[in-house]
Amino acid sequence: GAVVSQHPSRVICKSGTSVKIECRSLDFQATTMFWYRQFPKKSLMLMATSNEGSKATYEQGVEKDKFLINHASLTLSTLTVTSAHPEDSSFYICSARASGAKFSYEQYFGPGTRLTVT
Amino acid sequence: GDSVTQMEGPVTLSEEAFLTINCTYTATGYPSLFWYVQYPGEGLQLLLKATKADDKGSNKGFEATYRKETTSFHLEKGSVQVSDSAVYFCALFTGAQKLVFGQGTRLTINP
């Protein structure tokens, strides 16, 4: 149980275009979902926290207009990278916290999406 | 701010060797500490945790002890297997209810 999927697993897009990444909790409902970004040989950096039905909370330094997050249902959150540039190339990972989780730290992670902007 | 530092990888060992991956942290208060493992093509999975000083987390033969005096949470296993090859992340859970990760250590076990 507690499986989180991401789609696509890899995407290549041209500079200036937008790309959407989906994160789904497959067998549980997730009140809260998290989006992380990982640079090569660097740790995962939290970008934003999204709660179902409300606006996402972005971490300091993350452009909310560039990284649009939507959490419209209890099983789906999307991250849209708008007007992508090569410096947006990275590995994006989502995680989900189950509704009613006993501990706040309990998160289930997706396998990640490799974005390459050419 | 809160941070986690892991030993640089990659780490390559032979099967049945002893494993240590060092992890130290900086945090205000008393965070909970975790080790996550990421197998190829899969998401991070919680391997073990410790929520207070001197606690020992253990799972699948791996152990880590929460050492407040040295602000460390080193991961150990007495005899590694090829199937342990993965990327390992040390992490802490902050008072602001966020996970802060180390940079990850890639482990390769050769038969």
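Quick note on labels: first sequence line is chain A, next is B, and so on, each numbered from 1. Any value given below was found using the heavy atoms of this structure, including those in side chains, with hydrogens, waters and symmetry copies removed.
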Is it true that, when you exclude B:Glu16 itself, more than 12 heavy atoms of the residues, nucleotides or ligands shown sit nearer than 6.0 Å to its CD? no

Requested in this report: Count the heavy atoms belonging to other residues, nucleotides or ligands that lie under 6.0 Å from OH of B:Tyr39, then report whether that count exceeds 12.
Outcome: yes

| query | Do the side chains of A:Met47 and B:Val100 join up, straight or via other hydrophobic residues, at under 4.5 Å, putting them in one cluster? | reply | no

So, the part of B:Phe34 with a heavy atom under 4.5 Å from chain A: the answer is side chain

- Message: Just checking A:Met45: does its CE atom have more than 12 heavy atoms from other residues, nucleotides or ligands closer to it than 6.0 angstrom?
- Response: no

Of B:Lys49, B:Gln6, B:Gln38, the largest count of non-hydrogen pairs under 4.5 angstrom with chain A goes to B:Lys49

Would you sort out whether B:Leu46 and A:Phe109 count as a side chain to side chain contact (heavy atoms under 4.5 Å, CB included), showing the intermediate values?
-> CA-CA 9 Å; B:Leu46 180 62; A:Phe109 287 82; over 6 Å; no

Rounded to the nearest 0.5 Å, the CZ atom of B:Phe93 sits from the CD atom of A:Gln107 at a distance of 7.0 Å

More than 12 heavy atoms of other residues, nucleotides or ligands under 6.0 Å from NE2 of A:His7: yes or no?
no

For B:Glu8, does the CD atom have more than 12 heavy-atom neighbours from other residues, nucleotides or ligands under 6.0 Å away?
no

If hydrophobic clusters are built from ILVMFWY residues whose side chains come within less than 4.5 Å, do A:Met33 and A:Leu74 share one? no

Turns out that what part of A:Gln6 lies under 4.5 Å from chain B's heavy atoms comes down to neither

**Prompt:** Is A:Ser43 reaching over with its side chain to a backbone N or O of B:Phe101, donor-acceptor style, under 3.5 angstrom?
**Reply:** yes

Of all heavy-atom pairs linking B:Gly41 and A:Pro111, the shortest is O-CB, 3.6 Å

CG (B:Leu44) and CD1 (A:Ile93) are apart, to the nearest 0.5 Å, by 6.0 Å

Honestly, the part of A:Phe39 sitting under 4.5 Å from a heavy atom of chain B is neither

Looking only at heavy atoms, the pair that brings A:Gln38 and B:Gln103 closest together is NE2-O, 4.5 Å

Check whether more than 12 heavy atoms from other residues, nucleotides or ligands sit under 6.0 Å from atom NZ of A:Lys66, and answer yes or no. yes

Bottom line for A:Leu46: the part with an atom under 4.5 Å from chain B's heavy atoms is side chain

